[in-house]
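Let me begin by presenting the structure, written as structure tokens, before commenting on it.
Not measured: the values here are computed from a predicted model.
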Amino acid sequence: PRVFIGSSSEGLLIAQAVFSALEHDVVPTLWTNQLFLPGQYPLEVLEKELRRNNFAVLIASPDDEVVKRGITMPAMRDNLLLEFGLFSGALGRRRTFFLCPDSPRVELPSDLLGMITATYDGGRAGLSASERAAAVQSACAQIREVILEEWKHILEGEAELAMKIRAAKETQSVQRLYMVA
């Protein structure tokens, strides 16, 4: 399965750790891998990635602050919410994942509050590469398990559809033979 990995610029080191953790079982594409080139419009690039990828992992990092009802709290970049909406709308909720820090907790819009997110160890996120790898290891194992299970269902569905198409074509061939005879 092909997996798009998106993050803010500030969350790129975590996104790279996720890439490394998943690359043995999936074909990951990191948003910085020559996708957004000069002269292109970002939404068109994302639309192309929607068609190329089967899954998406979006890393939420506490890059901004929002004030809600007088309370200031950490928040992810707005573009990640847009990307989550694009990918979950095109691929479905079971194939689009938010990876959020366990601390500080980032503020999600109220419409997403019931959604289960994978979490990484926010305390280890800014440390060495090996610490970042450890910070995302558990979450990536959970995401990998869901991806591989969902991919199995996708492949089974495609095989079933191919069998139905083959049976329909065989039926049409038999009907044509009867008509010719």
Side-chain angles (χ1 to χ4, degrees), residues 1-37 40 42-63 76-102 106 108 112 114-163:
R2 297 183 61 86
V3 180
F4 177 83
I5 301 172
S7 72
S8 63
S9 296
E10 295 84 354
L12 181 57
L13 293 176
I14 291 295
Q16 290 168 338
V18 169
F19 181 99
S20 295
L22 295 178
E23 72 180 330
H24 301 291
D25 299 299
V26 304
V27 180
T29 299
L30 193 58
W31 70 272
T32 56
N33 290 358
Q34 299 294 312
L35 299 179
F36 297 92
L37 300 173
Q40 296 179 326
L43 281 178
E44 290 173 351
V45 173
L46 288 171
E47 287 172 346
K48 180 180 174 186
E49 292 307 307
L50 292 172
R51 292 186 295 275
R52 290 183 64 230
N53 289 280
N54 310 102
F55 297 88
V57 178
L58 301 164
I59 290 86
S61 50
D63 307 323
M76 71 184 91
R77 300 296 313 205
D78 292 343
N79 65 307
L80 284 171
L81 288 172
L82 173 69
E83 291 170 18
F84 178 80
L86 286 170
F87 280 96
S88 63
L91 303 176
R93 291 180 316 219
R94 289 209 30 88
R95 293 167 45 189
T96 308
F97 307 94
F98 253 141
L99 180 55
C100 300
D102 60 358
V106 294
L108 291 175
L112 298 178
M115 181 180 66
I116 297 173
T117 60
T119 57
Y120 63 90
D121 186 343
R124 298 170 93 178
L127 303 174
S128 68
S130 63
E131 286 294 314
R132 282 190 301 278
V136 302
Q137 181 179 11
S138 176
C140 287
Q142 293 171 346
I143 290 170
R144 179 185 309 105
E145 184 177 329
V146 173
I147 286 174
L148 295 177
E149 183 66 27
E150 192 67 22
W151 186 244
K152 182 177 117 183
H153 292 304
I154 290 169
L155 294 178
E156 288 170 355
E158 287 177 357
E160 185 178 319
L161 181 60
M163 193 168 56

Spacing of CD1 belonging to I147 relative to CG belonging to D25, to within rounding of 0.5 Å: 9.0 Å
Drop me the distance from L82's CG to L46's CG, to the nearest 0.5 angstrom. 7.0 Å
Y120 versus A60, closest heavy-atom pair with distance: OH-O, 3.1 Å
Strictly by side chain to side chain donor-acceptor pair (under 3.5 Å), give each pair with a member in residues 150-159 just once, sequence neighbours left out. R94-E150, E149-H153
Do L43 and L86 make a side-chain contact, defined as non-hydrogen atoms from C-beta onward lying under 4.5 Å apart? yes
Check for a donor-acceptor pair, side chain of R77 on one end and backbone N or O of S8 on the other, with a separation under 3.5 Å. no
Would you give the length of the straight line joining atom CD of E47 to atom CD of E49, rounded to the nearest 0.5 angstrom? 11.5 Å
Apply side-chain contact (heavy atoms from CB on, under 4.5 Å) to V57 and I143, showing your working. CA-CA 9 Å; V57 178; I143 290 170; 4.0 Å; yes
Could you walk me through whether F97 and C140 pass the side-chain contact (heavy atoms from CB on, under 4.5 Å) test, one step at a time? CA-CA 10 Å; F97 307 94; C140 287; over 6 Å; no
Please say whether more than 12 non-hydrogen atoms of neighbouring residues, nucleotides or ligands are located less than 6.0 Å from CD in Q40. yes
For residues L58 and L99, determine if any side-chain heavy atom of one lies less than 4.5 Å from a side-chain heavy atom of the other. no
Determine the minimum heavy-atom distance between P28 and V26, stating which atoms define it. CD-O, 3.1 Å
Can any side-chain N or O of D63 pair as donor or acceptor with the backbone N or O of M76 at less than 3.5 Å? no
Tell me whether the count of non-hydrogen atoms from other residues, nucleotides or ligands lying under 6.0 Å of CG in D102 goes above 12. yes
Give a yes or no on whether the backbone of L127 and the side-chain of R132 come within a donor-acceptor separation of less than 3.5 Å. yes
Nearest 0.5 Å, please: how far is OG in S130 from CZ in R124? 8.0 Å
Going by ring-ring contact (aromatic ring centres under 6.0 Å, His included), name the residues that satisfy it together with F4, two or more places apart in sequence or in a different chain. F87
Donor-acceptor under 3.5 Å (N33 side chain, T29 main chain): no
Taking atom CD of E160 and atom CG of L155, what is their separation to the nearest 0.5 Å? 13.0 Å
I need the F19 CZ to I59 CD1 distance, nearest 0.5 Å. 12.0 Å
Return the minimal non-hydrogen interatomic distance between A125 and A135, and the atom names on each side. N-CB, 4.5 Å
If you draw a 6.0 Å radius around CD in Q137, do more than 12 non-hydrogen atoms from other residues or ligands fall strictly inside? no
Has the side chain of N53 got a donor or acceptor atom that lies under 3.5 Å from a matching backbone atom of F55? no
Please report the closest heavy-atom contact between L50 and A90, naming both atoms and the distance. CD2-CB, 3.9 Å
Run the numbers on L30 and L12 for side-chain contact (heavy atoms from CB on, under 4.5 Å), then give the verdict. CA-CA 9 Å; L30 193 58; L12 181 57; 4.1 Å; yes
For V106 and S61, the nearest pair of non-hydrogen atoms, with its separation, is CG1-C, 3.9 Å
